[in-house]
*Asks:* 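The following block contains the structure, expressed as structure tokens.
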Amino acid sequence: MEYNFREVEKKWQQYWAANKTYKAENQSTKPKYYVLDMFPYPSGAGLHVGHPLGYIASDIFARYKRLKGFNVLHPMGYDSFGLPAEQYAIQTGQHPEITTKTNIARYREQLDKIGFSFDWDREVRTSNPDYYKWTQWIFIQLFNSWYNKKTNKAENISTLISCFESNGFKGTSDDILTGDLEIYHDGFTAEEWKNFSEANKEQVLQQFRLAYLSDTMVNWCPQLGTVLANEEVKDGVSERGGYPVERKLMKQWSLRITAYADRLLNDLEGIDWTESIKEAQRNWIGRSDGTSLKFKVENSSAEVEVFTTRPDTIFGVSFVTLAPEHELVAQITTATQKNAVDEYVTFAKNRSERERMADVKKITGVFTGAYVIHPFTGKQIPIWIGDYVLAGYGTGAVMAVPGHDSRDYAFAKHFDLPIIEVVAGGDLSKESYDAKEGKLINSDFLNGLEVKEAIKKAIAVIEEKGLGKGKTNFRLRDAIFGRQRYWGEPIPVYYKDGIPHVLKESELPLMLPEVDKYLPTETGEPPLARAKDWKYEGKYEYEYSTMPGWAGSSWYFLRYMDAHNEKTFVSKEAVDYWQNVDLYIGGAEHATGHLLYVRFWTKFLNDLGLIPVIEPAKKLINQGMIQGESAFVIICTFPKIEFFTKNKELKINNIPPIYISKGKALEIEKGNKVEIEKYLSFCNDILVEFNPDFKNYKFNDLQNGYKLTLTENCFHTGEAIPGSRTPIEYVSGKNILDIGHYSAWRAETYKNLGVDISKLVFKFYLEDDAQYICHREVEKMSKSKWNVVTPDTMVEQYGADCLRLYEMFLGPLELSKPWNTNGITGVSNFIRKLWRLYHQGQKNESQNSKEETFYISEEKASKDELKALHKTIKKISSDIENFSFNTSVSNFMICVNELTDLKCNKREVLEPLTIIIAPYAPHIAEELWNRLGHSESITYAAFPECNESYLVESSFNYPVSFNGKTRFFQEYDLSLTKEQVEKEVLTLEQTQKYLEGKTPKKVIVVHNKIVNIVI
RNA sequence: GCCCAGGUGGUGGAAUUGGUAGACACGCAGGACUUAAAAUCCUGUUAUCAUUGCGAUAGUGCGGGUUCAAGUCCCGCCCCGGGUACCA
């Protein structure tokens, strides 16, 4: 019998499930190893071929570690709160919980078919109340904590309260202030604190809690009644629906991640993550060291405080720029400039996102009429306002050094302000010289110093004179933690007299209530406000926003350790044993989202003494994205018809769009006259069909000098016309569209939009062979792009082992590439070839087929056979450790090819081979292992060691090159010294031929590598 | 603009510290087996020139450089992909 993967794979999948083969115990004498995948969001399109790429890699590693004697934790779960289910609920009225359950069931079925070694007893779902109970619990801990700058740790808010009770608070200058304080609170004495009302106390505490209410600028979309993320806003309108978006101040729950900025940055040093992810996080956190510096405003008591990283350029300051929102603007503006300033501030404030995006390069600003006094030279320096200065960063004011900052330079050039050179090395007539290199000039006491020394000296002098203070700023902003959505964790907060209170632990979970619709209320409140009688103790309003998508994923790695614990989020024993993730695999797109938040929560939980680790994952690998090949139809409307018909006073209505086949479209676009004629006559027929008056006209007559420009006027590919995307299941491998299915699908979507489809006609303009050819583009695989390929058909056709090997064989794990199945037969052949090694084929003459029976020899293996095996063991071991799974597959192929040539069927070779291949192709390995006479699963066998003695070579075939160019090969015993090889090579007849009678200048012999003769 | 990653045959890709460029596959071409097809096996396959055979030359995005030797190291540039948006 040929290898029957369907039977074998099913058999072992059932065996693994029945025997709980992959169950991990929370204690063991073995060393522990935790392999984690970023868990998926269960989308309605099902698992696509991109998902398993990382899962297969981590599964191979988990299985390898088990063979190496580790107690492996390899769990899987679902990030099951999220927008798509909610969107679907809005459209269909179906409860997101139902959709989510269905989707999860489908994911599970697909995952099971690929043979992953997950411990399913530990599955988590972030939308399950017994999971989100603990997400809410962690939120409460954040609410009840503040960040103590002195201990550099989060502490219970009670320690802050007792500090207020005994010492009061010194206001903005107090060093217990942390992070992204929006409003700097005035100072108060201990006595005053005691007399504060509860509301007043809470207002103060809100400035310190790690979870707090803040006023933040959000993208508000009135039509959708909701707040949108930056990525949901395109060109000032919502990506979905295209409704206008405005900036609005809103009370929102935020998390004070900025308190952890320094630790998040510094601790990157200790983790083995890819340099690109670490770099992305460093940039995101954006630490900049500099100094604050005060400039006195002339004829005023006011001071402008700026933040700068280049105090060395202080003598190059030629103006000061304030953000339009800066609090001093109104105060300092002179009477003569008042109108201009007011106008500009209004303009800048109302400038929509769209405008800002449209003219990023446009420089705007206005002079206030006021001046500051330069602290060292005493000169007058004008104060300007410019919207290139951001209110929310630093002090909202900059000292402009146009000579050495490109933005200041552009501003100075535009408004014709002086540019002073203070660092030598650039050409300021062309551009600013921003590099931190060179010697200071025109700078009084800094003259002659290198930039780095000058910075130090400048800060020292500034501090000495009390003008400012060395300071560090971060780009990182506090994380907004509320979403005006239904399908997320309810925030466990209720309001009593407008003061937020958190629920008691015993009151958790705060269940997501039922609502009649998943939409905002008429007054613009989030969907939870629709819930009937949903009040704390029947009278107090709950918080109506829910947590963001990243809440559940910020701690899930801990829950897997102790998934069913009802008493705590994770038991001390479990987390003390498993610690943190040893290997984490997932997409690089989470670099500054999930991967930063999960590090933040881990540090916070560690501060409270709840877990022993400060980082979630020791090692992180990013898998590349598997892209899809989207298909498009090319839609041509009649944009010019209206124009022509106006002149001719012809009326036409409801002309359908024409779907033009790609080959024809290209010809027409190229200006092929014959094709254009044909196409226009096709169009004319359609016009006549819709308005018989047209029969008197030839379309050609109408056009009258009209040049058909497909891209601009007529043809739309891609996004230009919604709906040009085509589900790839209606398009063949050769891009031929199944017109029947496509039309039916199209009609269905129109019907859902409420269009009367009884009169709907689709017009297809075909190729000469009567086929319709689609356009293809490579892009991200996603349900919305209709280009999802699921692994189901591949598993059905080739088996799980084949899919596993093939996805690895495609190329390096980290690389992104479009999905194609061109090479799958090679892998499929390999699996059959592997099977045949263990079986004896007998030709069955009568049926003209081959009978294969299991056939293994107990003889001692030959030297060549052992060499083939051990070479492979060595290579595979190093490949796995380096996550180079694609080369492993190649090497299995090489090994099997060699053993096939050697006709090797010896147990001594095939048994170890079965084990090393088991992590990659577990089903066939289990079957072969079983046939080899083992009753236990191969999962816990021992990974074979490489015996180097089989690999020792006695001779080497030296490539002999002349001036670096290889000419021939000569084999020498490895015992020969360099000198002996050199001598031997020079005596060769071939050498003499290439020397052409000349004496070599030099002969290089690298032992076991190469001989190079220089002439 | 800035940051990151990448660019090698018709295709996916391989090439530990600089040391035989193109492993392993796919595809293609030819052949064997077969009535035939499928499956399987064998041979060839970077390009150009030459060819009876031996070969010769060029070649890892482009231009320089270091070296006995460069896909690999250095300098400058181009292209594709990802991230980010005026962060002083």
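Order of the sequence lines fixes the chain letters, A, B, ..., with proteins taken first and strands second; residue numbering starts at 1 for each chain. Just so you know, these numbers come straight off a predicted model, no measurement behind them.
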*Asks:* Taking 4.0 Å as the cut-off, does a side-chain nitrogen or oxygen of A:Ser288 come that near to OP1 or OP2 on B:A88?
*Replies:*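 Looking at the OP1 and OP2 atoms of B:A88, one of them is under 4.0 Å from a side-chain N or O of A:Ser288.
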*Asks:* Flag the pair A:Phe315 / A:His374 as yes when their ring centroid distance falls below 6.0 Å, and as no otherwise.
*Replies:*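 Yes, the ring of A:Phe315 comes within the 6.0 Å limit of the ring of A:His374, centre to centre.
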*Asks:* How would you label the contact of A:Val1014 with the nucleic acid (heavy atoms, under 4.0 Å): base, sugar-phosphate, or nothing?
*Replies:*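 The answer is sugar-phosphate, as A:Val1014 gets under 4.0 Å only of primed atoms, P, OP1 or OP2.
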*Asks:* Checking the side chain of A:Tyr409 only, and the main-chain atoms of A:Leu428 only, is there a donor and an acceptor separated by less than 3.5 Å?
*Replies:*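 Between the backbone of A:Leu428 and the side chain of A:Tyr409 there is a qualifying donor-acceptor contact (under 3.5 Å).
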*Asks:* Does B:G27 adopt a syn or an anti glycosidic conformation, taking syn as a chi angle within 90° of 0?
*Replies:*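 B:G27: anti glycosidic orientation.
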*Asks:* Dot-bracket for RNA chain B, 5' to 3', counting Watson-Crick or G-U wobble pairs under 3.5 Å, with [ ] for crossing pairs and | for inter-strand pairs?
*Replies:* ((((.((..(((......[....)))((((((.......))))))((((.....))))..(((((..]....))))))).))))....
*Asks:* Is it true that the side chains of A:Thr872 and A:Asn891 contain a donor and an acceptor less than 3.5 Å apart?
*Replies:*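 No.
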*Asks:* Under 6.0 Å between the ring centres of A:Tyr806 and A:Tyr798?
*Replies:*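 Between A:Tyr806 and A:Tyr798, the centre distance exceeds or equals 6.0 Å.
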*Asks:* Side-chain N or O of A:Arg967 less than 4.0 angstrom from OP1 or OP2 on B:A56?
*Replies:*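 Result: yes.
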*Asks:* Any side-chain N or O of A:Arg310 below 4.0 angstrom from OP1/OP2 of B:A88?
*Replies:*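 Checking A:Arg310 against B:A88: no side-chain N or O falls below 4.0 Å of OP1 or OP2.
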*Asks:* For B:A14 and A:Asn886 - does any side-chain N or O of the residue sit under 4.0 Å from the phosphate oxygens OP1/OP2?
*Replies:*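 Yes, within the criterion.
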*Asks:* Using the C1' atom in both, what is the distance from B:G19 to B:C73, to the nearest Å?
*Replies:*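 Pairwise C1' distance, B:G19 against B:C73, rounds to 14 Å.
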